[in-house]
Amino acid sequence: EAGVTQFPSHSVIEKGQTVTLRCDPISGHDNLYWYRRVMGKEIKFLLHFVKESKQDESGMPNNRFLAERTGGTYSTLKVQPAELEDSGVYFCASSQARAAKNIQYFGAGTRLSVL
Amino acid sequence: GEDVEQSLFLSVREGDSSVINCTYTDSSSTYLYWYKQEPGAGLQLLTYIFSNMDMKQDQRLTVLLNKKDKHLSLRIADTQTGDSAIYFCASLTFSGGYNKLIFGAGTRLAVHP
């Protein structure tokens, strides 16, 4: 069974440009999460989808970030326009619906460098 | 908000035991997790413990939970060079009707011969 996959693995863009990150969760997982790790600090929650619905987007930094999950399958996270402080590693995770232990399976992450 | 703290770096000799410590603030956390990140790889779930347990052992890994002090530790017995990685502690927090993970900054474990 394929795990959580993220594209691209690394993206280098200039300040002001737009970048779109993609996450393919494990097949059948209703829950999809985005997290971010900036400058070697803690991994911070960004938002949570249940199927195609945003359930919790309390961690989204500002309105330059837009996450979508059309059809409840893969998800995209767009940053427009990118700023220097958006640099970091963006992780996606998925879990089964109503999983008692809430085990979240993570992708390898996308390293975003904004120059 | 809720918080998880970890020491940032640990260096051990191959064959020794490693102990990575973590403290958390959410006393209502139901599960606590340890994730491992090897260079260039994603987060791999190593182990987890339910909040009503105080110890869990899984081969070379021992997790100790002191719920009163909100302290979690991960002990790796007979540490090998392949154990070199960043270890993240995470607590499961219920907020806004749904669960989310609160992570620490990660402890970089370096194993030397």
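Side chains included, hydrogens not; waters and symmetry mates left out as well; all remaining heavy atoms used. Order of the sequence lines sets the chain letters (A, B, ...), proteins ahead of strands, with each chain counted from 1.
- Atom CD in Glu2(B) sits 14.0 Å away from atom CZ in Phe45(A) (nearest 0.5 Å).
- In the hydrophobic cluster analysis, where Ile, Leu, Val, Met, Phe, Trp and Tyr join through side-chain heavy atoms closer than 4.5 angstrom, Ile103(A) is grouped together with Ile49(B).
- Cluster annotation: Tyr87(B) is connected to Leu43(B) through the hydrophobic network of ILVMFWY side chains, with a link wherever side-chain heavy atoms come within less than 4.5 Å.
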Tyr33(A)/Leu101(B) under side-chain contact (heavy atoms from CB on, under 4.5 Å): CA gap, chis, key distance, verdict = CA-CA 10 Å; Tyr33(A) 307 83; Leu101(B) 292 178; over 6 Å; no
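- For Glu5(B), no part sits under 4.5 Å from any heavy atom of chain A, backbone or side chain.
- The contact between Tyr35(B) and chain A is made entirely by side chain atoms (from C-beta outward), counting heavy-atom distances below 4.5 Å.
- Aromatic rings of Phe103(B) and Phe106(A) (six-membered ring for Trp) have centroids within the 6.0 Å cut-off, being under it.
- Under the 4.5 Å side-chain heavy-atom criterion for ILVMFWY residues, no single connected hydrophobic cluster contains both Tyr33(B) and Trp34(A).
- Lys54(A) NZ: more than 12 foreign heavy atoms inside a 6.0 Å radius.
- Nearest heavy atoms, Ser58(A) versus Lys100(B): OG-NZ, 3.2 Å.
- Residue Glu14(A) places its CD atom among 12 or fewer non-hydrogen atoms of other residues, nucleotides or ligands, all under 6.0 Å distant.
- A continuous path of Ile, Leu, Val, Met, Phe, Trp and Tyr side chains, each step under 4.5 Å between heavy atoms, connects Leu65(B) with Phe50(B), placing both in one hydrophobic cluster.
- Residues Val4(B) and Phe9(B) do not share a hydrophobic cluster, clusters being chains of Ile/Leu/Val/Met/Phe/Trp/Tyr side chains in contact below 4.5 Å.
- For a residue to count as touching a neighbouring chain, one of its non-hydrogen atoms must lie under 4.5 Å from one of that chain's; by this rule Val4(A) does not touch chain B.
- Within the 4.5 angstrom heavy-atom criterion, only side-chain atoms of Leu45(B), from C-beta onward, approach chain A.
- Atom CG in Asn99(B) sits 8.5 Å away from atom CD in Gln104(A) (nearest 0.5 Å).
- Residue Arg37(A) touches chain B through its side chain alone, counting heavy-atom pairs closer than 4.5 Å.
- For CZ of Arg22(A), the number of neighbouring non-hydrogen atoms (other residues, nucleotides, ligands) closer than 6.0 Å is greater than 12.
- Looking at Ile86(B), only its side chain comes within 4.5 Å of chain A, counting heavy atoms on both sides.
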